[in-house]
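Atom set for the values below is all heavy atoms of this structure, side chains included, hydrogens, waters and symmetry mates excluded. Order of the sequence lines fixes the chain letters, A, B, ..., with proteins taken first and strands second; residue numbering starts at 1 for each chain. Just so you know, these numbers come straight off a predicted model, no measurement behind them.
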Protein chains: 2
Amino acid sequence: MNIGEASGASGVSAKMIRYYEQIGLIAPKGRTESNYRVYGEDEVHVLRFIKRARSLGFSLEETETLLKLWQDKSRTSAAVKDIATGHIADLERRIAEMQGMVKTLKHLAHCCGGDNRPDCPILDDLAGAGPVAGERSAAGSKSGAGANAARHART
Amino acid sequence: MNIGEASGASGVSAKMIRYYEQIGLIAPKGRTESNYRVYGEDEVHVLRFIKRARSLGFSLEETETLLKLWQDKSRTSAAVKDIATGHIADLERRIAEMQGMVKTLKHLAHCCGGDNRPDCPILDDLAGAGPVAGERSAAGSKSGAGANAARHART
DNA sequence: TGTAAGGCTTCCCATCATGGGAAGGTCAAG
DNA sequence: CTTGACCTTCCCATGATGGGAAGCCTTACA
């Protein structure tokens with residue numbers, strides 16, 4: 001199987017397959033005489049494993065650990081569960097952060113006329129004009145962590 | 001005011017202040033003879049504006065637009081509100097994606113013994129062993145979009 | 001058998017926002 | 001006058017992915 005076929009069979013782009021190889025996550029079964037990568041069913045299975053793990057939000061580093069556990073027949077399910085629960089906590093923390101942003105933004109947008117006039121509570125808030133109608137909680141009170149939290153949070 | 005003082009007064013790191021200058025988001029009031037950047041209250045105000053926008057999850061591109069609107073006295077609040085509502089929708093989409101992941105992961109973790117034995121429904125799922133007890137919905141059924149969604153979603 | 005299309009290879013670059021660090025100039029306090 | 005704390009610019013790294021160029025290989029078709 002060529003890289004293109006392996007890509008089609010796994011749903012992982014050829015570009016990514018090469019990248020995963022580069023970072024030591026997977027290796028082709030071999031190479032043809034003309035240096036083409038050759039894959040078998042096992043490799044495709046690994047690629048699908050990676051893809052599924054990524055779709056559940058695991059980082060490539062976590063995915064690598066999970067992959068090793070998968071291939072280690074003497075693993076304990078506790079080790080796997082630890083990674084999963086840690087990841088769940090991470091996701092929930094990020095969800096909470098974003099929900100804080102949404103809460104604040106909805107409040108501000110609600111207070112904003114959205115008309116032809118220039119007066120805008122959203123800009124007032126950003127400019128540090130102080131609370132619009134009530135508190136400046138949500139993402140506001142933890143702006144330090146929030147700023148950090150917002151980092152890389154964009155698709 | 002030096003860059004260090006402006007950083008302290010705004011909460012934006014000196015490194016970032018220089019970067020924002022590089023991408024044209026802000027400029028110092030001037031330079032000293034020895035080439036040090038000099039800032040005034042206005043610049044600090046802009047930096048705080050940027051920081052607040054970032055803490056609400058706006059990208060630097062969106063922040064730039066908001067900044068221009070803030071400085072444009074003939075803006076309409078509708079233009080600002082549009083950006084905010086678009087951003088809210090974006091956040092909510094990403095929140096929903098992550099919630100899907102959490103839902104699936106919690107189900108899998110719940111089904112996993114977390115003990116000394118190697119049997120693990122989490123690995124079974126990743127390996128594509130099919131649904132553990134019920135469906136493979138949540139992040140699973142939209143795995144294509146999910147994979148994309150997971151991208152850059154990590155702090 | 002020649003050729004054209006498409007696939008493969010490697011290599012470099014871009015993204016987005018941020019931090020780290022080196023090499024060297026400047027300033028203020030002791 | 002030295003020392004330490006600043007400042008300057010420049011380069012590199014992150015994480016996961018895509019884009020594209022230059023050049024080789026394979027397959028199908030005339």
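The side chain of Ser13(B) approaches dG19(C) more closely than any other nucleotide in the set dG18(D), dG19(C), dC8(C). Of the candidate nucleotides dA16(D), dT9(C), dT18(C), dT9(C) has the atom lying nearest to any side-chain atom of Arg31(A). Here the side chain of Arg18(B) is nearest to one of dT8(D), dC8(C), dG18(D), namely dT8(D). When distances are taken from the side chain of Ser59(B) to each of dG18(D), dA17(C), dC8(C), the shortest belongs to dA17(C). Candidate nucleotides dT8(D), dA17(C), dC7(D) were compared by shortest atom distance to the side chain of Asn35(B), and dT8(D) ranks first.
Atom CD in Gln22(B) sits about 14 Å away from atom C1' in dT8(D), given to the nearest Å. Rounded to whole Å, the distance from CG on Leu25(B) to C1' on dT18(C) is 14 Å. The distance from atom CD1 of Ile17(B) to atom C1' of dA17(C) is 15 Å, rounded to the nearest whole Å. Rounding to whole angstrom units, CZ of residue Arg37(A) and P of dC25(D) are separated by 15 Å. The interatomic distance linking Tyr36(B) (OH) with dC7(D) (P) rounds to 7 Å, in whole Å. Atoms CD (Glu5(B)) and P (dA5(D)) sit 16 Å apart, rounded to a whole Å. Spacing between atom OH of Tyr19(A) and atom P of dG15(D) amounts to 7 Å, rounded to whole angstrom units. We find that CD1 of Ile23(B) is positioned 13 Å from C1' of dT15(C), with the value rounded to whole Å.
In this model, the phosphate group of dT17(D) is approached by a side-chain N or O of Tyr20(A) to a distance below 4.0 Å at OP1 or OP2. Contact annotation: Thr32(B) side-chain N/O to dT26(C) OP1/OP2 distance is not under 4.0 Å.
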